[in-house]
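I have placed the structure first, in the form of structure tokens, so that the comments after it can refer back to it.
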Amino acid sequence: MRNKTMTKSYYIKSLGFEEIGTQEYPDYLMLKKDAVELHFFLFKDLNPKDNYGQIYIRTNAIDEIYRLLLERRVSIHPNGKLGIRPWGQKEFSLLDPDNNLLTFGQSNI
């Protein structure tokens, strides 16, 4: 993350995560939603255009998550709209403020 405040706001307000941990660390952020826990380290010099970070989140409620994100007006990646991929997963993707690719997937079998 380049900016802790920006990252925290995006994941909490847009994606519904909550901050975890009892101590405040200026260069570290821990977030959780359901069974997903994300940890971020401060990297102020990160160039988002060169960032290839990615997270794959498996779910059993992909349609509901997609609908909720659309209702919250969260930007879905233009090439990552909800759909069934050739490898049998129902997926969609978005980019966080630092250009980390977040892909949500559910087995279509």
Side-chain angles (χ1 to χ4, degrees):
M1 68 183 168
R2 292 174 295 150
N3 179 300
K4 184 175 181 176
T5 302
M6 181 175 65
T7 299
K8 182 177 171 179
S9 177
Y10 178 79
Y11 279 87
I12 291 174
K13 292 180 180 175
S14 298
L15 304 182
F17 279 76
E18 64 183 66
E19 188 171 13
I20 58 173
T22 57
Q23 279 191 292
E24 176 70 23
Y25 297 102
D27 295 345
Y28 194 65
L29 175 63
M30 296 182 295
L31 301 167
K32 182 175 182 168
K33 181 173 179 163
D34 303 323
V36 176
E37 190 171 306
L38 303 175
H39 293 223
F40 294 91
F41 296 92
L42 188 62
F43 185 17
K44 288 183 180 182
D45 295 331
L46 175 71
N47 181 347
K49 293 179 182 178
D50 294 334
N51 184 10
Y52 296 101
Q54 57 184 337
I55 300 167
Y56 195 94
I57 301 172
R58 293 194 183 276
T59 181
N60 291 321
I62 198 160
D63 293 309
E64 180 181 343
I65 294 168
Y66 190 73
R67 182 185 55 76
L68 286 170
L69 293 177
L70 290 177
E71 286 176 5
R72 291 181 181 165
R73 300 180 191 262
V74 174
S75 181
I76 305 299
H77 191 286
N79 296 323
K81 305 277 188 226
L82 183 63
I84 299 170
R85 305 297 184 249
W87 46 90
Q89 290 287 107
K90 190 172 190 180
E91 297 179 344
F92 72 91
S93 300
L94 48 96
L95 295 171
D96 79 359
D98 291 314
N99 226 27
N100 291 301
L101 180 67
L102 304 175
T103 300
F104 295 80
Q106 178 176 318
S107 177
N108 192 44
I109 298 172

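Note that the coordinates shown come from a computational prediction; the quantities given were computed from them, not determined experimentally. Side-chain atoms are counted along with the backbone in the values below, which use heavy atoms only and exclude waters and symmetry mates.
Residue Glu19 holds its CD atom at 6.5 Å from CG of Leu31, rounded to the nearest 0.5 Å. Rounding to the nearest 0.5 angstrom, the gap separating the CG atom in Leu69 from the CZ atom in Phe92 is 5.0 Å. Interatomic distance, CD1 of Ile55 versus OG of Ser93, reported as 11.5 Å (0.5 Å rounding). Note: Glu91 CD to Arg58 CZ = 8.0 Å, rounded to the nearest 0.5 Å.
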So Phe40 and Lys8, side-chain contact (heavy atoms from CB on, under 4.5 Å) or not? Walk me through it.
CA-CA 10 Å; Phe40 294 91; Lys8 182 177 171 179; over 6 Å; no
Assess whether side chain to side chain donor-acceptor pair (under 3.5 Å) is satisfied between Tyr66 and Gln106, documenting all intermediate values.
CA-CA 12 Å; Tyr66 190 73; Gln106 178 176 318; over 6 Å; no
Take Asn99 and Lys49, measure what side-chain contact (heavy atoms from CB on, under 4.5 Å) needs, and give me the verdict at the end.
CA-CA 7 Å; Asn99 226 27; Lys49 293 179 182 178; 5.6 Å; no
Between Leu101 and Leu95, is a side-chain contact (heavy atoms from CB on, under 4.5 Å) present by the stated rule, with each step listed?
CA-CA 5 Å; Leu101 180 67; Leu95 295 171; 3.9 Å; yes
Take Met1 and Leu29 through the test side-chain contact (heavy atoms from CB on, under 4.5 Å) and record every step on the way to the result.
CA-CA 9 Å; Met1 68 183 168; Leu29 175 63; 3.9 Å; yes
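With hydrogens and angles ignored, the 3.5 Å screen pairs no side-chain donor or acceptor of Arg73 with any backbone N or O of Glu71. In this structure, Thr7 contributes its side chain and Asn3 its backbone to a donor-acceptor pair below 3.5 Å. At least one donor-acceptor pair closer than 3.5 Å links the side chain of Asn51 to the backbone N or O of Gly53. Not a single donor-acceptor pair under 3.5 Å links the side chain of Asp34 to the backbone N or O of Val36. For Arg2 (side chain) and Pro97 (main-chain N/O), a donor-acceptor pair under 3.5 Å exists by modelled atom type.
Exactly one residue among Asn108, Asp63, Thr59 makes a side chain to side chain donor-acceptor pair (under 3.5 Å) with Lys90. That residue is Asp63.
Residues Ile57 and Leu70 are members of one and the same hydrophobic cluster, defined by side-chain heavy-atom contacts under 4.5 angstrom among Ile, Leu, Val, Met, Phe, Trp and Tyr.
A heavy-atom distance below 4.5 Å is found between the side chains of Leu102 and Leu15.
In summary, the aromatic rings of Phe41 and Tyr28 are positioned with their centroids under 6.0 Å apart.
By the 30° and 60° cut-offs, the orientation of the rings of Phe17 relative to Tyr11 is perpendicular.
Atom NZ of Lys33 is surrounded by more than 12 heavy atoms from other residues, nucleotides or ligands within 6.0 Å.
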